[in-house]
Amino acid sequence: MRRPLFKTRITEMLGIRHPILCGGMGPGVSDANYVAAVVNAGGMGFIVAAGFPDPEAFRAQLRKCRALTSGKGFGVNLYISGQAEATDRLQEQVRILAEEEVLCVETSGGSPEGVLPALREAGIKVLHKVPAVRYARSVARLGVDAVIVVGNDCGGHPGIYGISSMVQAAHAPRAVSIPLAIGGGIGTGSQLAATLMMGADAVLMGSRMLVAEELWIHRDYKDRLVRSDGTESVVVKTGLRQHHRVLNNESAKSVAALDAAGARDFERYRPHVMGTLTTRAYLTGDSRLGMLDYGPSVVFADAVQSVEAIFDEVMDDAQRAMRRMEDLRSET
Ligand SMILES: Cc1cc2nc3c(=O)[nH]c(=O)nc-3n(C[C@H](O)[C@H](O)[C@H](O)COP(=O)(O)O)c2cc1C
């Protein structure tokens with residue numbers, strides 16, 4: 001494991017060695033095993049609560065992660081749904097987080113306003129993820145502990161504005177003064193160094209981590225990602241205004257056709273976007289069907305590696321980038 005290179009407000013807040021957050025990956029992709037590997041390698045990971053709908057199975061994941069990390073703090077990803085029936089489940093998840101003394105949450109989706117008081121009461125740090133700086137401003141006013149801004153390159157949900165990570169990384173530090181992480185397309189140490197230089201306190205990685213040995217997804221899929229040149233992602237579900245960056249497979253092409261045809265009715269999308277297809281693809285390695293969150297940063301994945309080996313590579317590259325900056329400094 002590499003020595004710490006950077007001390008930022010986020011490394012301090014979370015007590016982590018490197019300013020690297022690994023975003024929650026559903027459904028159930030980021031589980032206790034993976035998150036523990038991230039935490040033990042010196043970053044912060046998030047178990048996706050929605051991946052474990054049974055409350056006791058969710059609790060068991062938290063306990064397993066705590067045991068695997070010898071009590072170091074770890075995180076949970078909470079999806080904030082706008083739908084009323086999801087509110088009870090969310091409240092129950094928050095109660096379990098408090099009981100299990102989880103260190104932090106990555107919230108995404110809707111505003112975290114409704115769960116903030118309970119999370120704060122339990123002493124849980126809240127890092128809220130948004131796809132545009134305009135949302136970062138409003139969530140900072142709510143009093144979250146940190147904000148994560150992801151750009152259009154990100155695997156998953158890049159939002160409707162399509163603003164690049166490069167622009168967000170430069171804009172967000174001017175717009176918010178709370179601790180800040182930037183994600184979307186990040187997979188190298190030079191990007192980490194550049195993002196910190198632009199004013200952020202950490203990066204967030206998702207797609208780059210999909211080849212991690214500790215993830216349960218099928219080896220054939222990881223091998224496909226290793227071979228990928230990063231050009232295989234596409235943003236679909238634009239017709240529903242639920243922009244989703246995924247692998248451009250058969251399901252994505254069907255969804256893109258619905259978008260192009262002006263479909264607005266979810267029932268027409270359902271056969272192509274069902275979660276069961278996604279889970280089956282990850283389990284079998286057959287990636288032709290299902291919405292498989294995927295961003296161009298998979299191009300940085302040259303091998304199936306442990307999380308620690310990925311972090312070592314990232315930190316060595318960050319070191320090289322810092323030296324290059326030193327070398328580039330004009331003597332005059
Ligand atoms: C396979 C996969 C699944 C994801 N699932 C979720 C999720 O359930 N909830 C969430 O907030 N973000 C999810 N994301 C987004 C990541 O947490 C993160 O924001 C994103 O991957 C960062 O961009 P990058 O992929 O370019 O690194 C997922 C991303 C991937 C690649």
Side-chain angles (χ1 to χ4, degrees), residues 20-31 34-35 38 43-53 75-81 86 90 93 104-110 112 126-132 135 147-159 162-166 168-169 181-188 191-192 195 200 202-212 215-218 221-222 224-225 228 230 232-235 242-247 249 252 273 275 277-279 281-283 287 290-301 310 314:
I20 303 176
L21 314 178
C22 293
M25 296 194 284
V29 174
S30 40
D31 61 3
Y34 167 71
V35 169
V38 168
M44 181 51 66
F46 304 91
I47 296 173
V48 174
F52 304 95
V76 164
N77 172 289
L78 280 184
Y79 178 69
I80 315 281
S81 164
L90 186 62
Q93 287 163 343
C104 59
V105 290
E106 173 196 44
T107 47
S108 64
V126 180
L127 296 83
H128 186 68
K129 185 163 66 181
V130 295
Y135 308 119
V147 66
I148 304 166
V149 182
V150 290
N152 192 40
D153 303 342
C154 71
H157 294 279
I163 302 165
S164 74
S165 302
M166 191 72 167
Q168 313 260 43
I182 297 289
I186 294 177
T188 70
Q191 290 169 299
L192 166 61
T195 306
V203 292
L204 177 90
M205 301 198 297
S207 302
R208 167 68 183 94
M209 303 305 296
L210 281 169
V211 297
L215 283 175
W216 57 264
I217 58 180
H218 201 280
Y221 186 55
K222 293 179 189 173
R224 174 179 185 163
L225 298 179
S228 165
E232 291 178 279
S233 85
V234 63
V235 177
Q242 294 172 6
H243 296 44
H244 197 176
R245 186 178 289 285
V246 292
L247 178 72
N249 59 8
V273 304
L277 296 176
T278 309
T279 305
Y282 289 142
L283 282 171
S287 51
M291 294 283 98
L292 306 183
D293 295 27
Y294 167 112
S297 62
V298 298
V299 74
F300 302 122
I310 296 172
V314 167

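If you read the sequence from its start, that first residue is 1, and numbering goes on from there. In each ligand, atom 1 is the first atom listed, and ligand 1 is the first ligand listed.
- Atoms of ligand 1 lying under 4.0 Å from at least one heavy atom of Gly184, given by number and element, are 23 (O), 26 (O).
- Taking a cut-off of under 4.0 Å to the non-hydrogen atoms of Gly23, the atoms of ligand 1 that pass are 17 (O).
- Of the heavy atoms in Met205, only backbone atoms (N, CA, C, O) come closer than 4.0 Å to ligand 1.
- One distance of note links CG of Leu292 with OH of Tyr282; it measures 4.5 Å at 0.5 Å rounding.
- For the atom pair CD1 (Ile217) and OG1 (Thr279), the distance works out to 11.5 Å, reported to the nearest 0.5 Å.
- In this structure, the protein non-hydrogen atom closest to atom 2 (C) of ligand 1 is Asp293 CB, 3.3 Å.
- The two residues Gln168 and Val150 have their closest heavy-atom pair at NE2-O, 3.2 Å.
- Only the side chain of Lys129 comes within contact range of ligand 1, with a heavy atom under 4.0 Å; no backbone atom does.
- Close approach to Gly155 involves these atoms of ligand 1, each under 4.0 Å from a residue heavy atom: 15 (C), 20 (C), 21 (O), 23 (O), 24 (P), 25 (O), 26 (O), 29 (C).
- One side chain, Ser233 or Arg245, offers a donor N or O that lies under 3.5 Å from an acceptor on the other.
- Under 4.0 angstrom from ligand 1, the non-hydrogen atoms of Asn77 all belong to its side chain.
- For atom 6 (C) of ligand 1, the nearest protein heavy atom (residue, atom name, distance) is Gly24 O, 3.1 Å.
- Residue-level proximity to ligand 1 for Ser297 is carried by the side chain, the only part with a heavy atom below 4.0 angstrom.
- Residue contacts with ligand 1 for Ser108 involve side-chain atoms from C-beta outward but no N, CA, C or O (heavy atoms, distance under 4.0 Å).
- Side chain of Lys222 to backbone of Leu210: no donor-acceptor contact under 3.5 angstrom is found.
- Distances below 4.0 Å separate heavy atoms of Tyr282 from the following atoms of ligand 1: 1 (C).
- Of all the atoms in ligand 1, the ones that sit under 4.0 Å from a non-hydrogen atom of Leu204 are 18 (C), 19 (O).
- Side chain of Ser165 to backbone of Gly185: no donor-acceptor contact under 3.5 angstrom is found.
- For atom 23 (O) of ligand 1, the closest heavy atom belonging to the protein is Cys154 CB, 3.2 Å.
- Listed by number with element, the atoms of ligand 1 under 4.0 Å from a non-hydrogen atom of Gly185 are 24 (P), 26 (O).
- Gln191 and Thr188 are linked by a side-chain donor-acceptor pair at a separation below 3.5 angstrom, with hydrogens and angles left out of the test.
- Atom-to-atom distance recorded for Asn249:CG and Tyr294:OH is 10.5 Å, nearest 0.5 angstrom.
- Contact between Gly26 and ligand 1 is present, with at least one heavy atom of the residue lying under 4.0 Å from the ligand.
- How far CG of Asp293 is from OG1 of Thr278: 7.5 Å, rounded to the nearest 0.5 Å.
- In this structure, atom 25 (O) of ligand 1 lies nearest to the protein heavy atom Ser207 OG, 2.6 Å.
- Residue contact check: Asp153 has heavy atoms under 4.0 Å from atoms 26 (O) of ligand 1.
- Between Leu192 and Val314 the shortest side-chain heavy-atom distance falls below 4.5 Å.
- Panel note: side chain Ser30, backbone Gly24; no donor-acceptor pair is recorded below 3.5 Å.
- Looking only at protein heavy atoms, the nearest one to atom 21 (O) of ligand 1 is Gly206 CA, 3.3 Å.
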